[in-house]
Each structure stands twice: as structure tokens, then as C-alpha cells.
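We name chains A, B, ... by the order of the sequence lines, and we start the count at 1 in each one. Values below: all heavy atoms of this structure, side chains included; hydrogens, waters and symmetry mates excluded.
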Number of protein chains: 2
Amino acid sequence: MVEKKRGTRGRRPKKTGEAGGDELALTRARVVSTAIEILDRAGPAGLTMRGLAEALGSGVMSLYWHVKSKEDVLDLALDTVLEYRAPAGGSEQDWRGQVTSMLEDWRAIMLRHPWSATLLPSRTLGPNTLVRLESLSQGLSKAGLSDADINAAIWSLWNYVMGATVTRASFGPPDADRAASLQRLAELGARFPAIERSRLLLDDDWDGTFKKGLGFLLDGLAAQH
Amino acid sequence: MVEKKRGTRGRRPKKTGEAGGDELALTRARVVSTAIEILDRAGPAGLTMRGLAEALGSGVMSLYWHVKSKEDVLDLALDTVLEYRAPAGGSEQDWRGQVTSMLEDWRAIMLRHPWSATLLPSRTLGPNTLVRLESLSQGLSKAGLSDADINAAIWSLWNYVMGATVTRASFGPPDADRAASLQRLAELGARFPAIERSRLLLDDDWDGTFKKGLGFLLDGLAAQH
DNA sequence: ACCTGAACACCGTTCAAGT
DNA sequence: ACCTGAACACCGTTCAAGT
């Protein structure tokens, strides 16, 4: 009853040059990057410190030398994924182009790592998030908005992307039938005539919808001249 | 080592008319509503099936008669909180008013239960969420948008509110100093001149910013005539 | 129909210890 | 400086059983 699963990954002496990648030194960077791999594959619920250690070929508690806690791992993974390298010469670009390309890059990254959209709301803004806010801020300063409007504009765009990504992630490709079953519900009750008519829940041109909505918002900003 | 904490909440025979509220029958509705209380007080991490049972004065496993799993409890709590009763005569209202009041109600509710903003992205849309989408859909149909634009408009507004709430919840009143410390970071590095200048992170007029941004978006929609 | 405790298979993390 | 296993105090849920 107290027997332990030893199997293939019991302790063994370290051999240099061993195949498999297991022999690499444990580093903070390596911990974070395999955490990201696991998150991509299994989502936040699939990440455990025990599983992470196993994937790294180390004991569980070894992780705690490089990392403060599981929360810490999540914070680091999130900030790593959100990294943004502003394209060179961005400051000469027109504001709409600069803002749009940064936001689309942001959205694309979050969709590539869907867990990030789920996690971002509940944790601190990291340095890389600040880089994005700064780029947004600079872009909008060229839009001719009043000082009073500019912060509201930044947050509007931020919120829009955040919401779009989070919504998109919650539908997700794995369950196309979820939307279908909701649509059926909407039809059945006949309590939702407008949704039914526009087939809102079946529309899956996410990219187009994102672009169009962003256009609405930018139009609204431009209109404040 | 195997001793058990019996104390005040050990089994006792059911007495009718007993004081304290403990004697109420266990119902699905009661399970959900005390789950909401706990979520409000302690957040998603603070909700455990064991704690929930204790708050209800029942054994843990009794819950599973009324509820399928913890996930189920969260889904139910979320949909309960999101309930929307469209104001009478909404269909005669002008579209901007109808849309705005529904969205502000939605935002207010989510801010009153901050965990809901965190949870919504990762779970199914419930019936009550559909009611809100329907109201949005009906309101916008009066705005004179083309059929091609209307779904994009719905999702834009949805995304905006979602993002605004989620962002707001992630700052939260508990840590006004978090923003301050971020601002310090921004100043220190001098890598974020635009953020620093506008004092973006110190701005805490969330309500005003929300309204203004919503205005930008609605202006953009109106401009599509 | 409704409620129960014991037990199972997990978690994250503290600690005292090894090298 | 870096890594370790044992142990602690938790989880959600299955099960077989009670009324």
C-alpha cells in the first residue's frame, strides 16, 4: 500500500553527454519554458509542480530553488509569452498602422497560447505588458486626441483586445458543437429572435470580426479630432 | 494521528424549528447561493466543496446529490449572478440608451462579483448570458447598421465590456499601491516615457473611462450609418 | 429520494538534510 | 549553491452504505 512507482525515472547518477535533454542544468528559464509547453498542451488545470518536475527530469522540490511558488511560475510564463519587440521605425508609421499592428500581434500571441487570455486578468501586469501599453500610448499621441481623451483611448483599445481574445478563447475550435448547441437552444426557446435571425453564435469569422470591430473603435477615436 | 476534528459541527439529530438556519433543507438553489457568498468573500481559490458543505451544515458528499461537480457549482453561480431582467418598454427606447444601460448594468454586476469576470472567459455561455446578447442584438438592430456590420458590432460591444471589467477586476481596490509601484517602475526605467507622462497607471476614474470609451465605440458605430 | 463517512488519488509546500 | 525525499495539510470525487 506504501509501494512507490519507481519505474524509468528513478534517481540515477548524472552522466555528462547523455541523450534526451534531461541532463541540462535546471535553470529558471528552462523551468519557465517547459511550463509554457505544458500550458499550451494541457491548459492551466494541467500544470502541476509534480508534472513540471517530471518533464524536467528533476525532483519536485528542486524547482523551488529557481522559483518561488506555482503562482510565480504562472506569472513568469505569462510575462514571457507576452513579450513584445516593437518593430523598428515604428515612430514614423501613421498612428492607425502602428496601433493596429501592435494589437493584432498581441491578439495573435494570446490565441497561440489560449491560457494566457485566461490568466492575464487575474495577475499583475508584467514589464512586457508595459512595453505594449507604451507602444499604444505613443501611437495614440499622434492621433490628435486631447490630453483628456488619450488615456481613455488607450484603455478602450486595451479592453477591446482583451475582451476579444478572452471571448475567442472561450469558444475555441475544440467545440464547434458548443456554439451549435447554444444556437439550438436559442432557436428552441424562441426567446432570442434577434440572435436567431443573425445566426450570431454560428458566425466564426473571428479574424474578420476582430478587424471590423477595431475599425469601429478607431473610427470613433478619429472622429474626436 | 487519525484523530478527527469533531467539535461543534458533529452529526446531530435534525430538530425542526431549530435556530440558526442550518436546519433548512439542502437544495440546489441554496447550494448555489452560499457558493456565491463564499466567492464574493474569498474568490475562486477560496471556494472548496468541503468549505461549502460546512457553510451549509451538511456533509461534503451531500452536495453531490444536488450538483454534479465543483465545475457545475461554478457554472451555476456564474449564470445566477449574470441574470438580466430587461427593463420594460426597452424596445421603444433609442438604441444608444438601450445598449448603454444594459452594458452598464452588466459591468456593475460583474464588478460587484469580481470573480465572475475571471470565470466567464473560461466557461460556457449560460442562458442568462444569451438574454444579454439578445438585448444587445435588438438594440443595435435599431441603429441602422448593415446586416454585415451588425454581428461585428454586437461582438465589439461585448468584447469591450468584457475587457473593461476584466481589466478593472485585475487592478481592484485592494492594491492601489500595485499601480503605484508599477508607475514607479515605469518612471525608473525611463523606458516608458508616454506612460509616465500621461500617468496612465495612476488614473483611477474607472467609471468615467469606461463611459468615455464606450462613447468612442458607439460613435464609430453610428458613423457607419 | 436524499444523505453519509471512509477511502483513493491526487495537490502545493515546509523542513531537515544531503552534496 | 543547488538538489533531495519524507511528511503535512490539504484537495475533488468514487463507492458502498445507510435512512
- request: Taking the six-membered ring for Trp and the single ring otherwise, decide whether the centroids of A:Phe216 and B:Phe216 are under 6.0 Å apart.
  value: no
field: d(CD, A:Glu54; P, D:dT4) in whole Å
entry: 13 Å
- line: note: A:Leu74, atom CG; C:dC11, atom P; distance rounded to Å ~ 15 Å
- prompt: Should C:dC8 form a Watson-Crick or G-U wobble pair with both distances under 3.5 Å, which nucleotide is its partner?
  reply: D:dG12
- line: Closest of D:dC11, C:dT13, D:dT14 to the A:Met49 side chain is C:dT13
task: Output yes when at least one side-chain N/O atom of A:His66 is less than 4.0 Å from OP1 or OP2 of D:dA1, else no.
output: no
field: Protein-nucleotide distance (B:Lys68, atom NZ; D:dT13, atom P), rounded to Å
entry: 11 Å
- request: Assign A:Ser62 to base, sugar-phosphate, or nothing according to its heavy-atom contacts below 4.0 angstrom with the strands shown.
  value: base
- prompt: Is the shortest distance from a Lys or Arg side-chain nitrogen in B:Asp40 or B:Arg112 to a carboxylate oxygen in the other one below 4.0 Å?
  reply: no
query: Between atom OH in A:Tyr64 and atom P in D:dA7, what is the gap in whole Å?
result: 18 Å
- prompt: With a non-hydrogen cut-off below 4.0 angstrom, is A:Leu52 in contact with a base, only sugar-phosphate, or nothing?
  reply: nothing
statement: Testing D:dC2, C:dT4, D:dG12 for proximity to the side chain of A:Trp65, the answer is D:dC2
query: Strictly by modelled atom types, are A:Trp155 and B:Thr167 linked by a side-chain donor-acceptor pair under 3.5 Å?
result: no
- request: Whole angstrom is fine here: how far is it from CZ in A:Arg28 over to P in D:dC3?
  value: 14 Å
- prompt: Should the pair B:Arg168 and B:Phe210 be classed as cation-pi, given the thresholds of under 6.0 Å to the six-membered ring centre and 45° from the axis?
  reply: no
message: Nearest to the side chain of B:Arg50, heavy atoms from C-beta on, is which of D:dC11, C:dG12, C:dG5?
response: D:dC11
query: CG of A:Leu47 versus P of C:dC11: gap in Å, rounded?
result: 11 Å
- request: With a 3.5 angstrom cut-off on both distances, give the Watson-Crick or G-U wobble partner of D:dA1, or none if there isn't one.
  value: C:dT19
message: Any carboxylate oxygen within less than 4.0 angstrom of a Lys/Arg side-chain nitrogen, looking at A:Glu83 and A:Arg85?
response: yes
message: Looking only at the side chain of B:Met61 (C-beta and beyond, no hydrogens), which of the listed nucleotides D:dT13, C:dC2, D:dC3 gets closest?
response: D:dT13
- request: Please state the C1' separation for the pair D:dA16 and C:dC3 - nearest whole angstrom.
  value: 13 Å
